[in-house]
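Just below is one structure, and these are the notes that go with it.
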Amino acid sequence: MAYEHILAEKKGRVGLITLNRPKALNALCTPLIDELGAALDVFEADSEIGCIVLTGSEKAFAAGADIKEMSERDFIDVYSNDFITDDWEKVAKCRKPVIAAVAGYALGGGCEMAMMCDFIIAADNAKFGQPEITIGTIPGAGGTQRLTRAVGKAKAMEMCLTGRIMDAEEAERSGLVTRIVPLDNLLENALETADKIAKLSQPVVMMAKESVNKAFETTLAEGVMFERRAFHTTFALEDRKEGMSAFAEKRQPNFQNK
Ligand code: HXC
């Protein structure tokens, strides 16, 4: 499918989505968000795709929501239309794993979008921040919540109150990103990681993702019980039998996603 503001392609079992609005540093305008949602729907529905990578350019993952588009909006407009609704949350709601491969700026809505992914791999030039306060507003796509859960109150509060930008080193130290890789290797590294996930049993991968996400939504006891039931459920799958048999027989498993 041809898009105007993104590129979407299949790389074997991996769906690669590239934010592609270079003149605006991938600012997340409404048509871009619509296209991103459409591309995610296509990959979600495609049984050949087991993992998705979301990336931007070398200079910017995304420099935020489109400030020029937002500048003319007023309260009744954003309130009535519930600006930042399901379309933005589509990344977070995706059932297949989504890896953010972030180079350059991930600011405002760009940082929020990266945090909606399951994990972030950062290039050494990545910069993260929630600078909304400097333009008279606050994060609106989960930044105050997801950044706080990722890096703790002190850093999240400072970043949201001052707009301070975190470099890749600090982001890794703080737990915002899983690792830093050289800029030139970013995409290759993210695609390799995604391919590893895509070769596993898709239903089991989804259960693992749901279980980790449960940790952010519930008490420890309920989360542990949720995990245990999901673990039990894997025993209903042929893939669980195949995985354990393959280990015992010293061969690679051949998962059938059932
Ligand atoms: C619209 C943007 C943009 C944005 C950059 N551009 N960020 N347009 N919305 N968020 C445009 C610039 O206007 C410019 O267009 C072009 O991209 C290149 O940007 P420059 O500023 O010239 O580049 P540079 O000097 O390298 O500075 C990079 C930058 C800066 C530090 C990232 O662009 C910047 O501060 N951007 C805004 C960051 C921000 O405040 N983000 C939060 C947005 S609010 P022209 O046409 O002039 O060449 C937000 C709210 C989220 O995200 C709430 C829920 C969604």
Side-chain angles (χ1 to χ4, degrees), residues 4-7 17-40 54-94 98 100-117 120 122-151 155-171 176-177 183 186:
E4 195 184 337
H5 302 298
I6 64 167
L7 304 169
I17 301 176
T18 307
L19 305 176
N20 187 33
R21 236 195 124 196
K23 286 188 183 147
L25 300 182
N26 292 333
L28 303 164
C29 59
T30 303
L32 185 155
I33 294 293
D34 290 346
E35 290 184 0
L36 176 59
L40 286 170
L54 179 60
T55 195
S57 70
E58 292 193 353
K59 184 159 186 211
F61 177 75
D66 191 312
I67 300 170
K68 292 166 192 169
E69 184 186 292
M70 280 187 300
S71 65
E72 295 304 317
R73 301 186 74 167
D74 61 13
F75 167 75
I76 199 63
D77 170 13
V78 296
Y79 180 71
S80 307
N81 294 300
D82 204 11
F83 178 45
I84 308 304
T85 52
D86 295 351
D87 295 341
W88 270 79
E89 287 277 329
K90 238 178 186 155
V91 177
K93 294 204 170 114
C94 194
V98 186
V102 173
Y105 295 110
L107 301 180
C111 186
E112 294 172 300
M113 181 71 72
M115 292 189 294
M116 282 182 211
C117 297
I120 302 172
D124 45 19
N125 74 339
K127 296 175 197 72
F128 299 89
Q130 300 290 162
E132 290 90 341
I133 200 90
T134 65
I135 56 167
T137 185
I138 69 169
T144 61
Q145 306 304 298
R146 291 196 178 92
L147 188 64
T148 307
R149 282 164 167 80
V151 305
K155 277 183 190 288
M157 190 66 95
E158 189 206 356
M159 289 172 72
C160 291
L161 294 187
T162 68
R164 180 171 77 79
I165 287 172
M166 211 185 234
D167 65 16
E169 293 284 342
E170 185 180 4
L176 180 59
V177 311
L183 175 59
L186 175 69

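Each ligand, and each atom within it, is numbered from 1 in the order the structure gives. Computed from a predicted model, the values in this text were never measured in an experiment. By convention here, the first residue in the shown sequence is residue 1.
- Counting atoms of ligand 1 from 1 in the listed order, those under 4.0 Å from a heavy atom of G140 are 53 (C), 54 (C).
- Taking all heavy atoms of A60, A63, A27, G64 into account, the minimum distance to atom 38 (C) of ligand 1 is reached by A63.
- Under a 4.0 Å criterion applied to the non-hydrogen atoms of L107, ligand 1 contributes the atoms 32 (C), 38 (C).
- Here the shortest heavy-atom distance to atom 49 (C) of ligand 1, taken over A65, P22, C29, belongs to A65.
- Ligand 1 places these atoms under 4.0 Å from at least one heavy atom of G108: 42 (C), 52 (O).
- Which parts of ligand 1 touch A24 is read off a 4.0 Å heavy-atom cut-off, strictly below it: atoms 2 (C), 5 (C), 6 (N), 11 (C), 17 (O).
- By heavy-atom distance, the residue among K68, K23, E132 lying nearest atom 46 (O) of ligand 1 is K68.
- Inside a 4.0 Å radius of atom 6 (N) of ligand 1 there is at least one protein heavy atom.
- There is no protein heavy atom less than 4.0 angstrom from atom 35 (O) of ligand 1.
- Within ligand 1, the atoms closer than 4.0 Å to a non-hydrogen atom of P131 are 39 (C), 40 (O), 41 (N), 42 (C), numbered from 1 in the order shown.
- Between E35 and R21 there is no salt bridge, since no side-chain N of the basic residue sits under 4.0 Å from a carboxylate O of the acidic one.
- Ligand 1 places these atoms under 4.0 Å from at least one heavy atom of G109: 49 (C), 51 (C), 52 (O).
- By the definition of a contact as any protein heavy atom under 4.0 Å away, atom 16 (C) of ligand 1 is in contact.
- Of all atoms in ligand 1, numbered sequentially from 1 with element shown, those under 4.0 Å from a heavy atom of E112 are 51 (C), 53 (C), 54 (C).
- Heavy atoms from other residues, nucleotides or ligands lying under 6.0 Å from CD of E169 number 12 at most.
- Annotation for ligand 1: atoms under 4.0 Å from non-hydrogen atoms of M70 are 44 (S).
- For atom 9 (N) of ligand 1, the protein comes within 4.0 Å by at least one heavy atom.
- Nearest non-hydrogen protein atom to atom 24 (P) of ligand 1 is K59 NZ, 4.1 Å.
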